[in-house]
Novice: 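Below: one structure in structure tokens.
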Amino acid sequence: MAPIISIEEAGRHSGESVTLRGWLYNQRDAGKLLFPIFRDGTGIMQGVCSLKESPAAYEALKNLTQESSCIVTGTVRPDARAPGGHELHVSEVQVVQRIADGDPYPIQLKEHGTDFLLENRHLWMRAPRQAAILRIRAEAIHAARNFMDSQGYTLTDSPMFTPSACEGTTTLFEVSYIDDEKAYLTQSGQLYLEATAAALGKVYCFGPVFRAEKSKTRRHLTEFWMLEPEAAYAHLEDMMVLGEGLVSHMVQSVVKNRPRELETLSRDVTKLAAVVPPFPRMLYDDAVVTLQKNGKAAKWGDDFGGEDETVLSSQFDRPVIIHRYPASIKAFYMEPDPQRPELALGFDMLAPEGYGEIMGGGERVSSYDLLLKRVREHNLPEDAFKWYLDLRRYGSVPHAGFGLGLERTIAWICGTSHIREVIPFPRLLYRIYP
RNA sequence: UGGGGCGUGGUCCAAUUGGUAGGACACUGCACUGUUAAUGCAGACGGUGGAGGUUCGAAUCCUCCCGCCCCAGCCA
């Protein structure tokens with residue numbers, strides 16, 4: 001019995017007889033010679049099968065339909081003519097399920113439109129490019145968790161169901177919650193993290209969040225994953241350092257551990273290699289001046305638009321951190337800068353190459369009186385925020401945190417033009433199938 | 001939610017100024033012992049998003065509806 005191996009490790013079995021379990025990705029033929037290409041989830045590998053040498057396998061493979069599942073055994077041989085450098089000389093084929101002739105696999109090895117691919121996302125993800133993106137996603141998540149753990153942060157997840165808005169302003173998905181009660185899907189775990197930070201010191205949560213905003217851009221999903229650290233006694237500077245450490249660790253882990261996948265995506269790895277700390281930093285004040293110098297109609301007090309972010313980030317070869325925004329354009333829980341109270345001690349991190357904001361955070365208001373004033377100013381329901389205000393009544397401390405948008409970060413790492421490719425099943429405005 | 005664009009066989013696209021809706025790919029068969037989204041030949045299937053209107057005649061022009069894409073706003 002030949003050992004069962006994955007295509008990923010086929011190169012280490014040169015000259016040996018092995019068994020692959022997977023699918024027929026594509027097949028070409030030249031007379032009595034077949035060139036089946038197999039796919040097993042770890043990669044694709046070309047096979048060779050001749051009628052003369054393996055008549056039974058030849059007959060099994062001949063006219064086998066694309067994406068039919070099969071188990072094949074053969075000898076791995078190096079061959080410069082084969083994509084990947086090795087090919088499998090097939091001696092035995094077991095067809096697990098043959099796709100019927102009249103009902104072929106819908107995804108061709110040709111160009112397709114966006115709508116068709118999204119409608120067939122459950123099949124589209126089998127394509128090498130899509131599989132590579134999902135592997136990079138897994139690597140980035142793995143790296144992010146490792147990094148946070150290595151920095152002494154404890155994972156304390158926030159609830160998905162919440163009784164009210166975290167920030168009050170953005171649109172929430174409303175769901176019915178037992179009997180007549182209403183609940184909302186969380187748009188951020190931050191408020192709950194502030195509680196767990198007071199309990200455990202340095203914490204983070206990592207999970208999906210939901211935004212019901214009608215945003216139809218290449219940078220938006222209605223369900224996306226966010227990694228949010230929060231630390232007691234931490235200040236703005238601590239979070240900027242943590243943030244650049246996290247992002248660079250994610251990028252460098254992908255560069256180191258997923259080079260083949262980046263190659264599949266034709267990603268310019270030299271651009272990723274440059275992403276090491278420290279990241280450039282810029283005061284909001286200076287960012288406005290920079291925009292004006294570049295002919296943008298920015299004025300102090302405005303938030304930046306997508307094009308503004310591209311202008312700012314394109315000046316650097318790594319993400320840029322913009323900090324100390326006007327308090328008026330930031331969330332109610334942002335701590336004011338004691339030097340200049342009109343500024344918030346917050347920051348955004350903008351990815352290079354026009355990928356926009358991937359991180360936002362800062363120091364939180366620690367004074368009970370100020371927070372209560374802010375809650376009232378923003379017309380937030382005081383009773384729903386009672387527990388949040390409690391954190392300022394019972395041993396309040398300076399604390400800070402941020403949120404990292406996972407998909408935007410991965411879209412940038414992968415160089416994809418749209419965020420929808422970097423999550424297995426994207427939830428978009430007007431699309432929830434499959 | 002505003003602005004712009006697009007809806008044609010399973011897929012990707014053509015169709016001059018309103019005049020018989022077509023090609024490629026995919027699928028099936030045949031040929032070929034080194035193919036790289038193979039190629040060549042043959043075959044079968046099958047379509048103008050929907051409803052009205054103008055016209056001798058509409059994929060094409062008009063109205064409404066539906067769907068999708070891009071941009072902006074909002075945000076990560």
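We name chains A, B, ... by the order of the sequence lines, and we start the count at 1 in each one. Every value quoted in this text rests on a predicted model; they were computed, and no experiment measured them.
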Novice: Within the structure shown, what part of the strands sits under 4.0 Å from L34(A) by heavy-atom distance: base, sugar-phosphate, or nothing?
Specialist: nothing
Novice: Any strand is fair game: report the nucleotide pairing with rG29(B) by Watson-Crick or G-U wobble, both distances under 3.5 Å, or none.
Specialist: rC41(B)
Novice: With a 3.5 Å limit on both atom pairs, tell me what rA24(B) is paired to, counting Watson-Crick and G-U wobble, or say none.
Specialist: rU11(B)
Novice: What are the two closest heavy atoms between Y430(A) and K214(A), and how far apart are they?
Specialist: OH-CD, 4.3 Å
Novice: Under 3.5 Å for both donor-acceptor distances, Watson-Crick or wobble: does rC75(B) have a partner, and if so which one?
Specialist: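 Result: none.
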Novice: When the nearest nucleotide of RNA chain B is assigned to Q66(A) and to K52(A) on a heavy-atom basis, which residue is associated with the more 5' position?
Specialist: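 Of the two residues, Q66(A) wins.
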Novice: Atom CD of E119(A) to atom P of rC12(B): distance rounded to whole Å?
Specialist: 12 Å
Novice: Rounding to an integer number of Å, can you tell me how far L33(A) CG sits from rU39(B) C1'?
Specialist: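 Taking atom C1' of rU39(B) as the reference, CG of L33(A) is at 15 Å.
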Novice: Base, sugar-phosphate, or nothing for D79(A), non-hydrogen atoms under 4.0 angstrom?
Specialist: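 Base contact.
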Novice: Using a 4.0 Å heavy-atom cut-off to protein, can you give one letter per nucleotide of nucleotides 65-72 of chain B, 5' to 3': B if the base is in contact, S if only the sugar-phosphate is, - if neither?
Specialist: ---S-SB-
Novice: Round to a whole Å and report the spacing from CD of E111(A) to P of rU11(B).
Specialist: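 Distance, rounded to whole Å: 15 Å.
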Novice: When you compare rC69(B) with rC12(B), how far apart are their C1' atoms, in angstrom units rounded to a whole number?
Specialist: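 Per the computed distance, 16 Å lies between those C1' atoms.
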Novice: What's the closest nucleotide to the F116(A) side chain, out of rG34(B), rU11(B), rC75(B)?
Specialist: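 Closest nucleotide to the F116(A) side chain: rU11(B).
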Novice: Over 60° means perpendicular and under 30° means parallel, so tell me whether Y284(A) and F304(A) are parallel, tilted or perpendicular.
Specialist: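 Geometry flag for F304(A) against Y284(A): parallel rings.
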Novice: What nucleic acid atoms does D29(A) come within less than 4.0 Å of, heavy atoms only: base, sugar-phosphate, or nothing?
Specialist: base
Novice: Taking any strand in view, what nucleotide pairs with rA51(B) in a Watson-Crick or G-U wobble way, both distances under 3.5 Å?
Specialist: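 Checking every strand shown, rA51(B) finds its partner in rU63(B), with both distances under 3.5 Å.
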Novice: Between E87(A) and R77(A), does at least one N-O distance fall below 4.0 Å, as a salt bridge requires?
Specialist: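 Looking at R77(A) together with E87(A), the answer is no, because their closest N to O distance does not fall below 4.0 Å.
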Novice: Using the C1' atom in both, what is the distance from rG49(B) to rC68(B), to the nearest Å?
Specialist: 11 Å
Novice: Apply side-chain hydrogen bond (donor to acceptor under 3.5 Å, both in side chains) to Y105(A) and N120(A), showing your working.
Specialist: CA-CA 11 Å; Y105(A) 185 69; N120(A) 290 281; over 6 Å; no
Novice: Given that K110(A) and V48(A) both sit by RNA chain B, which one's nearest nucleotide is further toward the 5' end?
Specialist: V48(A)
Novice: From C-beta outward on K32(A), which listed nucleotide comes closest to its side chain: rG34(B), rA26(B), rC32(B)?
Specialist: rC32(B)
Novice: Looking across every strand, which nucleic acid part, if any, lies under 4.0 Å from E407(A) by heavy atom: base, sugar-phosphate, or nothing?
Specialist: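 E407(A): no heavy atom of the nucleic acid under 4.0 Å.
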Novice: Can you check the distance between rU55(B) and rG46(B), where both ends of the measurement are the P atom (answer in whole Å)?
Specialist: 35 Å
Novice: In whole Å, what separates the P atom of rG23(B) from that of rA14(B)?
Specialist: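 My reading of the P atoms in rG23(B) and rA14(B) gives 16 Å.
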Novice: Looking at R129(A) and E421(A), is any side-chain nitrogen of the basic one under 4.0 Å from a carboxylate oxygen of the acidic one?
Specialist: yes
Novice: Taking only the P atom of each, what is the distance from rG40(B) to rG57(B) in whole angstrom?
Specialist: 44 Å
Novice: Determine the Euclidean distance between corresponding C1' atoms of rA24(B) and rG18(B); express it in Å to zero decimal places.
Specialist: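 Here rG18(B) and rA24(B) have their C1' atoms 27 Å from each other.
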Novice: Give a yes or no answer on whether the side chain of H249(A) reaches the backbone of G245(A) with a donor-acceptor pair at less than 3.5 Å.
Specialist: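 Side chain of H249(A) to backbone of G245(A), a donor-acceptor pair under 3.5 Å: no, none is there.
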Novice: Counting the atoms with a prime plus P, OP1 and OP2 as sugar-phosphate, which does E87(A) contact under 4.0 Å by heavy atoms, base, sugar-phosphate, or nothing?
Specialist: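 It contacts base atoms.
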Novice: Go through the steps to decide whether E228(A) and S188(A) satisfy the test side-chain hydrogen bond (donor to acceptor under 3.5 Å, both in side chains), and finish with yes or no.
Specialist: CA-CA 8 Å; E228(A) 298 174 273; S188(A) 165; 2.8 Å; yes
Novice: Using atom P of each nucleotide, how far apart are rA76(B) and rG10(B) to the nearest Å?
Specialist: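 Their P atoms lie roughly 43 Å apart.
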Novice: How close or far is atom P of rU33(B) from atom NE2 of H89(A), stated in whole angstroms?
Specialist: 17 Å
Novice: How close or far is atom P of rA76(B) from atom CG of L404(A), stated in whole angstroms?
Specialist: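 For the pair L404(A) CG and rA76(B) P, the rounded distance is 11 Å.
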Novice: Parallel, tilted or perpendicular: which describes the rings of W225(A) and F206(A), with under 30° parallel and over 60° perpendicular?
Specialist: perpendicular
Novice: Taking everything shown except E16(A) itself, do over 12 heavy atoms lie less than 6.0 Å from its CD?
Specialist: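 Yes, the 6.0 Å shell around CD holds more than 12 heavy atoms from other groups.
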Novice: Starting at CZ of F304(A) and ending at P of rG73(B), how long is that distance when rounded to a whole Å?
Specialist: 13 Å
Novice: Can you find a donor-acceptor N/O pair under 3.5 angstrom joining the side chain of H112(A) to the base of rC12(B)?
Specialist: no
Novice: Give the rounded distance in Å between these two atoms: CG of N26(A) and P of rC25(B).
Specialist: 14 Å
Novice: Check whether the aromatic ring of F224(A) stacks on the base of rA76(B), taking stacking as ring centres less than 5.5 Å apart and planes within 30° of each other.
Specialist: yes
Novice: Within the structure shown, what part of the strands sits under 4.0 Å from E357(A) by heavy-atom distance: base, sugar-phosphate, or nothing?
Specialist: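 The residue E357(A) makes sugar-phosphate contact but no base contact.
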Novice: Would you measure the distance from the C1' atom in rG50(B) across to the matching atom in rC45(B) and give it in whole Å?
Specialist: 25 Å
Novice: L88(A) has an atom CG; how far is it from atom C1' of rG34(B), in whole Å?
Specialist: 16 Å
Novice: Quick one, Y333(A) with Q190(A), criterion side-chain hydrogen bond (donor to acceptor under 3.5 Å, both in side chains). Give me CA distance, side-chain angles, the key distance, then yes/no.
Specialist: CA-CA 10 Å; Y333(A) 49 71; Q190(A) 182 203 316; 3.1 Å; yes
Novice: Which part of the nucleic acid, if any, lies within contact of P106(A), taking any heavy atom under 4.0 Å across all strands shown: a base, the sugar-phosphate backbone alone, or nothing?
Specialist: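 It contacts nothing in the nucleic acid.
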